[in-house]
Every structure is written in C-alpha cells, then in structure tokens.
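Everything on this sheet refers to the single structure shown next.
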Amino acid sequence: MTRIFIPKDVAALAIGADKVAKKIAEIAAARRLDVTVVRTGSRGMFFLEPLVEVETAAGRIGYGPVAPADVPALFDADFLNGGAHSLRIGRPEDHPYLARQTRLTFARCGITDPLSLVDYAELGGWRGLKRAIEMGPPAIVNEVTQSGLRGRGGAGFPTGIKWKTVADTQADRKYVVCNADEGDSGTFADRMVMEGDPFMLIEGMTIAAIAVGATKGFVYCRSEYPHAIRTFNEALRLARCGGWLGPDVAGSKHSFDIELRVGAGAYVCGEETALLDSLEGKRGIVRAKPPLPAHKGLFQRPTVVNNVLSFAAVPFILAEGGKAYADFGMGRSRGTMPIQIAGNVRYGGLFETAFGLTLGEIVNDIGGGTLSGRPVRAVQCGGPLGAYFPPSLFDTPFDYEAFTARDGLIGHGGVVVFDDTVDMAQMARFAMEFCAIESCGKCTPCRIGAVRGKEVIERIMLGTNVDANITLLEDLCQTMKFGSLCALGGFVPYPVMSALRHYPEDFRPRAAAVAAE
Amino acid sequence: MPNMAVFDEARAQEIIAEHIGLEGPLLPILHAFNEEFGYVDDAAVPLIAQALNITRAEVHGVLTFYHDFRRVPAGRHMLKICRAEACQSRGSEDVARRCLSELGVDWHQTTRDGELTVEPVYCLGLCASGPAALLDDEPLGQLDPKKLAGAVEEVCGS
C-alpha cells in the first residue's frame with residue numbers, strides 16, 4: 001500500500017485540492033492500485049499547492065502545484081514510486097523554502113493527519129504537557145519566562161509574566177482564553193495551526209491552565225474560518241476521548257476543558273478585552289485597563305489571554321526547555337516567529353524562522369519579489385494597522401524593537417507585498433474606512449476620527465486644499481494615536497502616516513502633478 | 001447554505017433552551033438563529049431577553065453590533081468576497097466590481113431572484129492565494145472575474 005498525502009488546509013482547498021484528491025482516488029481504483037489518501041495540514045508553501053506527497057522508499061516525494069488534469073500524467077510517470085515529472089519537487093524538507101526555516105511551532109504541520117492522536121504522539125506531541133505535569137505550576141511559569149516568549153498576537157508582552165500574574169491572583173475560578181480572532185489581512189498562521197495541528201494548541205492551553213490553576217478554557221475563533229472551526233471542534237472531541245481534557249487531564253488530577261466559541265465578524269474582538277466582553281455575550285466593546293485581564297478578565301475572574309501562536313509555542317518550550325527556545329532570535333525577541341508572506345508575492349506562504357532576518361530578505365530572497373513581476377513598491381507589516389515600508393527600509397531586521405524604532409510593528413507577523421501599481425493614498429483611505437467600519441464606538445478619537453480621516457483623505461485625493469488637509473490629517477493621526485483606548489484607533493495612524501511619509505507623491509492629485517511639469 | 005426555515009416560536013424556544021446552560025450564551029444563541037432561519041427575526045429578541053433575564057435593548061445592542069447577524073433573510077446562497085489588503089494587492093477590487101456589476105447588486109444586497117447575497121469580508125486567511133472568496137462553505141482562491149463568475153453560476157444556475 002502506498003500512502004499519498006494531500007492537504008485539506010483551506011488554502012489548498014481553495015485551489016482545488018479536493019478535486020485532485022478525488023481524481024487520484026478514481027484513477028487508482030481504475031488501475032487497481034493500492035493507495036491510501038491521507039489528508040494533512042499544509043506545509044505552508046502556498047505557491048506549490050495543491051502539493052501532493054507520496055511515501056516512497058526514499059522518503060516523501062512532493063509534486064506541486066497539481067491540477068486535476070495533471071493527475072493521469074503523474075500516474076503514468078510512476079509518481080507512486082517517486083518517478084520523474086515536471087511537477088516533482090523532491091523531498092519537501094529539502095526544498096529551499098522549507099530547508100531555510102526553523103520549524104519549532106510548525107514542525108508537524110503538513111506532515112501529519114491533524115486529527116490523528118497517534119500521529120501527534122509519534123511526532124513529539126504531549127511531551128511538553130507530561131513534563132509540565134511532573135514539574136508543577138511554579139516551574140512551568142519559570143520555564144516559559146526563561147524562554148523569553150512574547151505574545152505572538154502583536155503586543156509582544158512577555159508571556160511568563162502574564163502567567164505569573166494570573167497564578168499569583170487568588171480566585172474561585174480562573175480561565176485560559178485563546179485569541180483565535182486572526183483578523184489581520186496577510187495572516188493565516190493561527191488558522192494553519194487550528195486546521196493543521198490542533199492538538200498542539202490544546203496542549204499549550206492545557207499547560208497554561210495547569211500553570212495558573214485554571215479549569216476552563218475558551219478558544220475564540222473568527223467566523224470567517226469555518227474549516228478551522230470544524231477541525232478544531234473535532235480535535236477537542238478526540239482529546240476528551242483520549243483523556244487529554246476533562247476532569248483528570250492525562251491522569252494528573254488536574255481538571256481542564258476547552259470550549260470553542262465563534263466570533264461574529266467584528267475585527268475589534270481581536271483586542272483582548274473586547275474579546276472577553278464578546279465571550280460574555282456582550283457587544284465587543286474595549287474595556288479600559290486597569291484592571292488587567294490577568295486580575296479581572298472573563299466574568300471578572302483572573303484570565304490568561306494569549307494568541308494561538310503563543311500557546312502553540314509552549315509545548316516545545318516545555319518539552320525542550322526554555323533555554324532551547326531562547327537560543328533562537330535576537331535582542332529581546334527570542335525564539336521563532338512564523339512569518340506570513342502574502343499579497344502580491346511570488347512565493348507566498350508560512351516561513352517560521354528565528355527573529356532577525358531583514359525585511360528585504362523576507363520579501364525578495366524568500367518571497368521572490370512580486371507575483372506580477374513588477375517592482376515592489378510597498379510592504380505592509382503587521383496587518384491593517386501596520387505601517388507601509390518602502391524598499392529603502394528593507395534593511396530593517398524582523399524584530400519587535402527594530403520595527404518600533406522605524407514607526408512600524410511586526411504585529412502577528414503578516415507581510416503583505418504590493419507592486420508599483422498600488423495607490424498609497426487609496427490604501428491610506430482604506431485604512432481609515434476599515435477603522436470606521438470596525439470601530440467599537442467606545443472612544444471618540446477612533447469612532448469619529450476614522451470617519452473624519454477617511455473624508456479628509458478623500459478631499460486630498462480630489463485635490464482640495466491639499467496642504468491644509470494634510471496638516472489636518474497629521475493632527476488627526478496624532479489625536480487618534482494618543483487618545484484612543486485600544487490599538488484599533490491607536491494604530492490606524494501607522495498605515496496612514498507611513499503612506500504619507502514614504503509616498504507623498506501619491507497624495508498630490510495627478511492633474512496638479514501634470515500641470516506642474 | 002440552503003434556504004432557511006420560516007421563523008417559528010416553538011423552534012426558537014428550543015434553540016434558546018439548547019444553549020442557555022453555556023457560560024455567556026447570547027452569541028451562541030444568535031449564531032444558532034442565524035444558522036437555523038438564515039437571520040434573527042425581531043420576534044426572537046423578546047424571547048431571548050426573557051430567557052437570559054436581560055433587557056430587549058441589550059439583545060438588540062448585541063444583535064446590531066456584529067456584522068454576521070442578519071436581521072432579514074439572506075439569499076439562498078452567500079458569497080463573501082475578501083476586500084482586505086492582501087487580496088487588494090492581487091486585484092480583488094476589480095474581481096469584486098465585475099462580479100457585483102454582472103449580478104446587478106451592490107455589497108450586502110441580494111440578487112432579484114433571491115439566489116445570492118454578496119457580502120464583503122475582511123480576510124479569509126487566504127492571503128497568499130488571493131483574490132479569495134467564500135461561496136457558501138466553499139473557499140475559492142486565485143480568482144479572476146471569469147473564474148468567480150463560473151463558480152457562482154455552478155452554485156446558482158445560470
């Protein structure tokens with residue numbers, strides 16, 4: 001029997017993975033070949049999807065991107081034994097895109113059946129949890145602190161300190177909440193974890209629960225991810241059956257269970273306090289801090305709120321030790337970051353690596369420049385609230401502090417590439433419009449400022465009092481940056497101001513530019 | 001996404017009863033209504049308020065805050081086209097414009113035959129495979145106007 005691996009990650013499904021799988025099964029049946037198709041997560045090389053891998057004597061051999069029409073030729077080329085074909089990429093792990101990565105969090109993604117507890121355990125799963133149970137809560141917190149892990153959702157707050165605060169707070173019950181409201185354009189790493197290696201997230205949250213003494217966990221996933229929701233719910237069911245969740249987690253006497261909750265299309269619920277209100281059944285309105293969620297979070301109880309990627313990093317840290325994780329990275333940015341290379345880029349996908357690569361290496365060396373083949377003009381890092389970087393800043397290292405020093409943010413690790421056809425005034429206008437649509441409405445700078453900001457940019461685009469309106473826009477951005485309650489209104493000045501600063505020519509009406517010549 | 005049942009109070013009470021034991025049950029209840037009936041009928045609001053012992057205004061506030069909860073029935077099929085930056089960089093706005101104009105609708109509207117509702121969505125997590133859309137539950141990537149029109153036709157008939 002030959003095993004064939006085909007991703008069921010939504011990015012593979014979106015470009016025909018199911019049709020390819022069906023075709024392979026049909027032809028194998030017609031030719032009476034003994035094959036089993038295993039559906040996996042994605043390796044994260046989206047330019048090769050649908051990527052079909054075959055288990056051969058020489059290891060797994062990949063073919064991609066495979067269209068249903070290619071399938072008969074693959075059989076004719078004896079791909080079941082790794083035969084030569086123009087789509088053959090060899091062993092995926094030898095492909096330069098994967099070979100250059102350091103995969104700690106995404107070590108299993110794309111290799112295993114995401115819903116196989118056997119696969120998970122065979123490839124190192126649950127080792128972190130077992131060690132955590134042996135060492136006990138204070139030692140777990142120490143290990144995480146020592147790893148230098150910082151919140152991967154975007155804020156970069158040290159995870160160990162957050163956990164210690166919750167652990168030290170007395171309460172009748174505590175919660176662990178996973179922020180899976182991955183709303184940033186250009187990001188898909190949380191989705192890939194939930195679809196491709198869901199037990200890792202369950203393991204990370206369970207370790208957190210033991211560390212802080214929580215008995216109930218919630219995963220708040222955005223409704224735009226129906227496939228992730230389905231896979232993760234099934235993973236929860238299997239984990240319960242396997243004794244990894246429930247009244248006696250892995251025979252440890254710790255009680256912990258997780259419930260998946262689905263958001264309802266509000267971007268602002270990715271902000272942790274709005275997320276907590278939403279979980280409580282309220283409008284997703286941002287809370288003023290303090291009190292911190294670590295003291296008074298969900299239902300006013302001490303709550304650990306972390307991003308999917310933060311929890312997903314924890315099993316490795318516990319299994320291999322905090323130091324092993326901290327050995328990667330630079331400065332105060334320790335460990336690895338799953339960078340998501342997206343937009344108009346030739347080799348888009350997930351690239352997990354230690355901090356420190358420069359933006360230019362990410363975009364040009366790894367991403368291969370634009371898909372359209374035109375010059376790169378702008379790169380937006382960190383989602384819709386992240387700054388636009390021009391190629392002149394491509395020497396910026398991918399590191400929390402280095403990006404901050406250049407008025408940007410790495411956020412959740414999304415990198416969106418634009419070619420030279422982009423109109424940066426239009427992108428600035430879009431940032432304000434998006435903020436206006438998604439503002440929770442609690443604070444004035446965001447609620448009113450975003451609407452006014454969009455109007456002012458529209459006037460600039462029409463060529464009305466351009467200088468005066470640019471001054472007004474800059475002033476408005478200052479007000480929003482320093483006067484907003486949360487990062488939605490507070491960070492929308494990043495894309496707007498960076499567009500204005502690096503691409504001033506786009507804010508001059510074309511008619512005026514022609515007249516000036 | 002097949003066309004949904006007509007609102008009926010007995011079924012509504014069942015839905016509420018199924019979820020009321022959850023911690024913070026309001027969003028799961030509204031989602032269940034959305035799924036069962038395709039929208040949340042105004043008549044559901046007082047039922048939910050009474051069951052959860054909160055005011056109608058509070059239910060209304062939550063119902064109107066979230067983009068997902070519909071207050072009127074949608075078409076038989078739902079098309080969500082991504083308008084976020086990563087898809088924009090790959091030409092999604094053009095794909096969306098062409099699609100809307102061919103269907104003769106604007107964002108949030110339903111075609112006259114009640115077949116298809118088109119909604120904008122800000123990111124489907126298909127950012128390296130855009131332009132992207134979700135047609136009912138089927139993800140679509142690397143779209144161009146022709147490919148999207150073909151997918152719509154396949155689902156809705158010509």
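A, B, ... follow the sequence lines: proteins, then strands. Residue 1 opens every chain.
Neither the backbone nor the side chain of A:Phe47 comes within less than 4.5 Å of any heavy atom in chain B. Of the atoms belonging to A:Tyr347, not a single heavy atom falls under 4.5 Å from chain B. For a residue to count as touching a neighbouring chain, one of its non-hydrogen atoms must lie under 4.5 Å from one of that chain's; by this rule B:Ile54 does not touch chain A. Both the backbone and the side chain of B:Leu124 come within contact range of chain A, each with at least one heavy atom under 4.5 Å from a heavy atom of that chain. Interface residue A:Leu279: only backbone heavy atoms are found under 4.5 Å from chain B. The contact between A:Glu259 and chain B is made entirely by side chain atoms (from C-beta outward), counting heavy-atom distances below 4.5 Å. Of the atoms belonging to A:Asp184, it is backbone heavy atoms, and not side-chain ones, that fall under 4.5 Å from chain B. With a 4.5 Å cut-off on non-hydrogen atoms, A:Pro384 touches chain B through its backbone and its side chain both. A:Val268 touches chain B through its side chain: at least one heavy atom from C-beta onward sits under 4.5 Å away, while N, CA, C and O do not. Residue A:Cys269 touches chain B through its side chain alone, counting heavy-atom pairs closer than 4.5 Å. Using a 4.5 Å cut-off between heavy atoms, A:Arg230 contacts chain B through its side chain alone, with no backbone atom that close. In this structure, chain B has heavy atoms under 4.5 Å from both the backbone and the side chain of A:Ser278. Residue contact with chain B, scored on non-hydrogen atoms closer than 4.5 Å, involves the backbone of A:Ile341 exclusively. Both the backbone and the side chain of A:Val262 come within contact range of chain B, each with at least one heavy atom under 4.5 Å from a heavy atom of that chain. For a residue to count as touching a neighbouring chain, one of its non-hydrogen atoms must lie under 4.5 Å from one of that chain's; by this rule A:Gln380 touches chain B with the side chain only.
Among the candidates B:Leu22, B:Thr64, B:Leu30, B:Leu63, the residue making the largest number of heavy-atom pairs closer than 4.5 Å to chain A is B:Leu22. Per-residue counts of heavy-atom pairs under 4.5 Å with chain B were compared for A:Ala228, A:Gly265, A:Gly348; the largest is that of A:Gly265. Between chain A and the residues B:Arg83, B:Glu138, B:Lys147, B:Gln88, the largest count of heavy-atom pairs under 4.5 Å involves B:Gln88. The candidate with the highest count of non-hydrogen atom pairs below 4.5 Å against chain B, out of A:Ala378, A:Cys440, A:Ala264, is A:Ala264. Top candidate by heavy-atom pairs under 4.5 Å with chain B, chosen from A:Phe430, A:Phe299, A:Tyr225, is A:Phe430. Between chain B and the residues A:Arg191, A:Glu280, A:Met427, A:Met192, the most heavy-atom pairs under 4.5 angstrom are made by A:Arg191. In terms of heavy-atom pairs under 4.5 Å with chain B, the best-connected choice from A:Val416, A:Asn344, A:Leu350 is A:Asn344.
Contact check for B:Leu134 versus A:Pro226: side-chain heavy atoms found under the 4.5 Å cut-off. Residues B:Cys127 and A:Gln340 form no side-chain contact, since every pair of their non-hydrogen atoms from C-beta on lies 4.5 Å or further apart. Two residues are said to be in side-chain contact when any heavy atoms from C-beta on lie closer than 4.5 Å; B:His67 and A:Glu438 meet this criterion.
Salt-bridge formation is detected for the pair A:Lys216/B:Glu23: a Lys NZ or Arg NE/NH1/NH2 atom is positioned less than 4.0 Å from an Asp or Glu carboxylate oxygen.
Taken to the nearest 0.5 Å, the OG atom of B:Ser129 stands 8.0 Å off from the CD atom of A:Glu49.
Side-chain atoms of A:Ser185 do not come within 3.5 Å of backbone N or O of B:Cys123 as any donor-acceptor pair. A distance-only check finds a donor-acceptor pair linking the side chain of B:His31 to the backbone of A:Gly263 [under 3.5 Å]. Here the side chain of A:Arg283 pairs no donor or acceptor atom with the backbone of B:Val62 at under 3.5 angstrom. Between the side chain of A:Arg261 and the backbone N or O of B:Leu27 there is no donor-acceptor pair closer than 3.5 Å.
In A:Arg301, the CZ atom is crowded: over 12 heavy atoms of neighbouring residues, nucleotides or ligands sit closer than 6.0 Å. Atom CD of B:Gln50 is surrounded by 12 or fewer heavy atoms from other residues, nucleotides or ligands within 6.0 Å. Atom CD of B:Glu9 has 12 or fewer neighbouring heavy atoms from other residues, nucleotides or ligands inside a 6.0 Å radius. Heavy-atom contacts from other residues, nucleotides or ligands closer than 6.0 Å to CD of B:Glu154 number 12 or fewer. Residue B:Arg11 places its CZ atom among more than 12 non-hydrogen atoms of other residues, nucleotides or ligands, all under 6.0 Å distant. Within a 6.0 Å sphere centred on CG of B:Asn53, other residues, nucleotides and ligands contribute 12 heavy atoms or fewer. Within a 6.0 Å sphere centred on NZ of A:Lys442, heavy atoms belonging to other residues, nucleotides or ligands number more than 12.
Residues A:Tyr267 and B:Tyr122 keep their aromatic ring centres 6.0 Å or farther apart.
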Quiz prompt | Candidate pair A:Tyr388 and B:Glu85, rule side chain to side chain contact (heavy atoms under 4.5 Å, CB included), full reasoning | solution = CA-CA 11 Å; A:Tyr388 287 98; B:Glu85 291 89 341; 3.9 Å; yes

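Contact between B:Ala128 and A:Phe46 at its shortest, heavy atoms only, is CB-CD1, 3.8 Å. Nearest heavy atom pair, residue B:Phe65 against residue A:Ala266, reads CE2-CB, 4.0 Å. Pairing each heavy atom of A:Leu13 with each of B:Pro139, the nearest pair is CB-CG, 3.9 Å.
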